Amino acid sequence: MLLLCTIVSGQEDDSEKEIATLLLKIEQSHKGEKLQLMDSLSNYISSNTNFENDSIVKATVQYALEIDSIGIATWQTANLIFFQNNIKGNPEKGKQLFLDFLETSEKTKDYTALAKFYIEGGDSFFFLEDYDNSIGYYDLAETNAVKAKDDRFVGLAKLYKAATLSNWGDFSESSRLLQEARKIFQKTNDTFNIISSRNSLSVLYSQNNFFKEAKAERDEAIVLAKKIKSEGHLVSFYYNAATDAGKQGNNEEQIKELKLALDASKKSRSPEYYEAMLLAGLSIAYSKIDSVSVAESYIKEIEKSPEQNTQGKNKEPYLDALKHLAFAKKDYANALIYGKEHLSIKKEGSHFEEIQRGEKFLADVYEALGNNTLAYAHFKNYEALKDSIGNVQKVRGLSYYQTLYETEKRDAKIQAQQRDIALLDAQNKIKNQLILFGGIGMLAFFAVVVLARSRNAARKRQKLQEDFSQDLIKAQEEERTRVARELHDSVGQKLMLLTKQAKRFGDFEIDCLAGNTLEELRSISRGLHPITLEKLGITEAIISMVNEVDANTNIFFTNEIENIDDLLSKETSLHLYRILQEVLNNMVKHAEAKSASVTIEYRNNAVEAIIVDNGKGFEYSEKLKLATSLGMKTLMERAKIIKSSLDIRSKNNQGTTIQLIIPTFK
């Protein structure tokens with residue numbers, strides 16, 4: 001449930017003022033204008049408050065239906081379902097709202113509203129572990145989002161379906177959908193949901209016991225979540241880290257992560273949503289290390305709000321905490337009662353690992369009571385589930401593990417050099433000179449010999465120049481590779497060690513500094529040798545580079561980049577990447593542009609790349625003559641190597657347009 005709970009924080013005083021202002025305007029308006037204001041107020045309440053004013057959202061739905069605005073009614077009903085699912089923690093009520101409004105919603109042609117409605121309805125079924133219906137409604141959400149041309153909802157539908165399939169055990173399909181969702185969120189610069197997709201990936205790793213990979217993915221995502229102050233994401237990350245620690249028997253680490261999750265939840269939009277689950281987790285962890293008094297203190301915290309924390313969805317973690325506390329106190333009679341009730345609840349769902357742990361707990365209780373017959377029976381159930389889960393993890397885990405996208409996480413060595421660089425106009429064949437016979441005589445013959453020698457010399461000079469340029473570029477790539485490898489293997493490893501030591505000794509400032517330095521080092525290493533080019537292909541590497549420049553400069557980028565992965569060789573892809581890298585670097589350093597566009601498309605058997613900016617421009621002919629314009633000359637040389645045409649059009653104060661056409665010979 002943590003995975004799909006999205007959190008938006010807001011200032012309470014500002015919210016009250018905004019709501020009061022909109023309410024005043026609503027009182028003074030009628031019909032269409034009134035509905036628009038009510039719709040705006042309802043959206044503000046759902047996005048920027050704790051949703052205390054859900055009665056306003058209900059009134060908006062009712063008024064929208066009265067004046068036959070089904071699209072707005074559908075959208076706001078979806079907000080009400082979200083409120084029940086993610087803030088009240090009552091997906092059963094969310095499901096009922098969804099089903100009651102389903103027939104009405106199908107009358108609207110507002111496909112964006114329908115996409116949101118189906119996503120929230122799918123969430124209700126997901127939280128209730130009805131994965132068949134959940135996936136069906138996520139599919140409908142995606143279908144309507146495509147009709148609406150709304151990339152965000154397409155990405156969300158894929159992301160939530162991936163989470164459902166992950167719980168269902170279909171890891172390969174889940175991985176594929178996560179990759180598709182991630183690409184959409186990167187294209188739309190949706191940082192929040194990029195973090196969500198990384199969260200889902202870390203969960204996939206954890207479900208298959210790849211704890212090291214899960215931690216690496218999670219740690220990087222935590223940095224992003226802290227930057228945008230997404231407390232809901234942080235709760236999820238810390239809770240999942242605690243779960244992994246518990247699976248590995250590291251109770252102290254589990255307690256530390258649960259406390260971090262609890263602290264983050266208190267800063268979130270709905271701390272009461274997480275309270276019972278986190279307090280129960282802490283009580284269980286302390287019970288396991290025989291800290292009975294501390295475990296009891298967390299139980300008392302839970303019982304301060306019994307209606308909220310011990311009923312409904314929170315009854316299961318509450319019983320889990322009670323059974324472990326009773327066992328730690330050697331109160332085996334109550335441990336048995338709580339354990340049986342808890343197991344019966346878990347058997348209603350499909351979390352087989354938790355059912356497995358429930359069987360093991362009852363085996364331990366019966367053994368403590370001296371009832372070896374029943375202890376053995378439950379232990380057999382435990383072992384059967386353990387073997388079944390283990391086999392599934394091995395088969396499915398190995399099949400999906402190779403397909404998961406990995407960006408800068410593998411320690412594989414970077415290849416030392418690029419091979420087989422193609423030459424542009426490798427050699428111009430020199431035609432044999434016909435020697436005229438007869439009356440032209442010795443003078444004509446001498447002229448022909450001189451001309452032939454001159455052309456041969458020119459050809460040799462051209463060949464030497466091309467060889468020199470190629471060797472220079474090859475040596476440059478090899479040196480970049482070597483430096484990148486040294487930075488990664490030497491300095492990077494030491495910085496990672498420094499980060500671990502800082503965390504170990506609790507030195508936050510050194511930890512922060514080391515972490516930032518390590519990230520800068522990785523950025524430099526990526527610039528020297530684009531590992532994304534090898535791992536994800538030229539298309540994703542270019543998108544990643546453009547997005548990085550977009551995120552770290554004041555230049556506004558738009559891009560239309562087709563998938564060209566199968567059109568170019570590895571060598572051509574590297575040169576294309578380096579040409580675009582040089583152009584973007586020049587743009588950032590010299591152009592003083594406000595906006596730019598990057599277009600890459602395949603047409604007429606060629607890949608065409610066009611980069612346009614509205615900067616101050618330059619006189620191209622003069623720039624090319626300067627001895628200092630090495631970057632410009634390198635661009636021309638790389639274009640020759642890949643047999644491409646490079647056209648640079650620029651004038652002072654008129655911006656710059658660069659066109660590169662690469663033949664594919666397909």
Side-chain angles (χ1 to χ4, degrees), residues 186-189 191 424 469 472-473 476-477 480 484 519-520 522-530 532-533 538-562 564 568 572-601 603 606-642 644-662:
Q186 287 180 335
K187 178 182 177 182
T188 57
N189 293 321
T191 303
L424 173 66
S469 298
L472 184 63
I473 290 172
Q476 182 186 51
E477 289 296 338
R480 283 178 171 176
E519 187 58 36
E520 291 176 8
R522 287 173 172 167
S523 178
I524 293 170
S525 179
R526 290 195 298 271
L528 289 171
H529 186 83
T532 51
L533 187 62
I538 182 61
T539 306
E540 283 302 311
I542 292 172
I543 292 173
S544 177
M545 177 169 56
V546 172
N547 287 343
E548 185 174 357
V549 176
D550 186 19
N552 292 286
T553 68
N554 292 325
I555 303 174
F556 175 76
F557 275 85
T558 59
N559 64 74
E560 294 182 8
I561 301 174
E562 292 183 2
I564 58 171
L568 304 176
T572 304
S573 296
L574 176 62
H575 285 293
L576 171 59
Y577 183 93
R578 290 299 190 199
I579 289 171
L580 291 174
Q581 188 178 51
E582 181 67 21
V583 170
L584 294 179
N585 285 341
N586 289 340
M587 185 189 302
V588 172
K589 291 179 181 178
H590 309 298
E592 298 178 7
K594 300 297 182 184
S595 64
S597 66
V598 178
T599 303
I600 298 178
E601 56 185 4
R603 60 182 183 181
V607 173
E608 182 178 11
I610 301 175
I611 306 97
V612 181
D613 70 63
N614 66 350
K616 63 182 182 181
F618 58 92
E619 291 297 332
Y620 173 66
S621 57
E622 296 178 6
K623 188 76 172 177
L624 194 59
K625 292 177 183 178
L626 293 176
T628 57
S629 63
L630 180 61
M632 194 70 66
K633 293 175 181 177
T634 301
L635 290 181
M636 303 295 293
E637 193 60 35
R638 285 188 184 274
K640 287 181 181 179
I641 290 173
I642 58 176
S644 304
S645 65
L646 181 66
D647 182 23
I648 302 176
R649 298 187 294 276
S650 184
K651 292 288 184 182
N652 286 330
N653 302 317
Q654 294 183 22
T656 301
T657 299
I658 298 177
Q659 181 186 48
L660 178 70
I661 299 177
I662 308 171

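Position 1 is the first residue of the sequence; numbering continues from there. Because the structure is predicted, anything quoted here is derived from the model rather than measured.
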Participant: How would you list all residue pairs meeting salt bridge (charged side-chain N to carboxylate O under 4.0 Å, His left out) that involve residues 650-661, not counting sequence neighbours?
Facilitator: Glu619-Lys651
Participant: Please enumerate all residues that pass salt bridge (Lys or Arg N to Asp or Glu O under 4.0 Å) together with Lys187, with sequence neighbours excluded.
Facilitator: none
Participant: Between atom CG of Leu574 and atom CD1 of Ile579, what is the distance when rounded to the nearest 0.5 Å?
Facilitator: 10.0 Å
Participant: When rounded to the nearest 0.5 angstrom, what is the spacing between OG1 in Thr539 and CD in Glu562?
Facilitator: 9.5 Å
Participant: Could you pull out the closest heavy-atom pair between Ser650 and Gly617, with the gap in Å?
Facilitator: OG-CA, 3.4 Å
Participant: I'd like a table of donor-acceptor pairs (distance under 3.5 Å, sequence neighbours excluded) in which one partner is a side-chain atom from residues 553-561, with atom names and distances.
Facilitator:
residue : atom : partner : partner atom : Å
Thr553  : OG1  : Val549  : O            : 2.7
Thr553  : OG1  : Ile555  : N            : 3.3

Participant: Working to the nearest 0.5 angstrom, can you tell me the gap between Ser645 OG and Glu608 CD?
Facilitator: 8.5 Å
Participant: If the condition is side-chain hydrogen bond (donor to acceptor under 3.5 Å, both in side chains), which residues does Asp647 pass it with, not counting sequence neighbours?
Facilitator: Arg649
Participant: Can you see which heavy atom on Gln186 is nearest to which on Asn547, and at what distance?
Facilitator: O-ND2, 3.2 Å
Participant: If we check side chain to side chain contact (heavy atoms under 4.5 Å, CB included) with Leu580, which of these qualifies: Leu660, Ile538, Ile658, Ile542?
Facilitator: Ile542
Participant: So, taking the atom named OG1 in Thr191 and the one named CG in Asn189, what distance separates them when rounded to the nearest 0.5 Å?
Facilitator: 7.0 Å
Participant: Considering residues at least two apart in sequence or located in another chain, which fulfil the side-chain hydrogen bond (donor to acceptor under 3.5 Å, both in side chains) criterion with Asn585?
Facilitator: none
Participant: Can you check whether Val546's main-chain N or O pairs, donor with acceptor, with Asp550's side chain at less than 3.5 Å?
Facilitator: no
Participant: Would you confirm whether Thr657, through its side chain, and Val612, through its main-chain N or O, come within 3.5 Å as a donor-acceptor pair?
Facilitator: no
Participant: Tell me every residue that passes side-chain hydrogen bond (donor to acceptor under 3.5 Å, both in side chains) with Ser573, counting only those two or more places apart in sequence or in another chain.
Facilitator: none
Participant: Of all residues at least two apart in sequence or in a different chain, which pass the side chain to side chain contact (heavy atoms under 4.5 Å, CB included) check with Ala591?
Facilitator: Met587, Ala593, Asp613
Participant: Hey, could you give me each pair passing salt bridge (charged side-chain N to carboxylate O under 4.0 Å, His left out) that has a residue in residues 586-597? Not counting sequence neighbours.
Facilitator: Glu592-Lys616
Participant: Rounded to the nearest 0.5 Å, how far does OG1 of Thr572 lie from CG of Leu576?
Facilitator: 8.5 Å
Participant: For Ile661 and Ala606, work out which heavy atoms get closest and say how close.
Facilitator: CG2-CB, 3.8 Å
Participant: Evaluate the criterion side-chain contact (heavy atoms from CB on, under 4.5 Å) for residue pair Val583 and Thr656; output intermediate values, then yes/no.
Facilitator: CA-CA 10 Å; Val583 170; Thr656 301; over 6 Å; no
Participant: Working to the nearest 0.5 Å, report the span between CD of Gln659 and CD1 of Ile611.
Facilitator: 9.5 Å
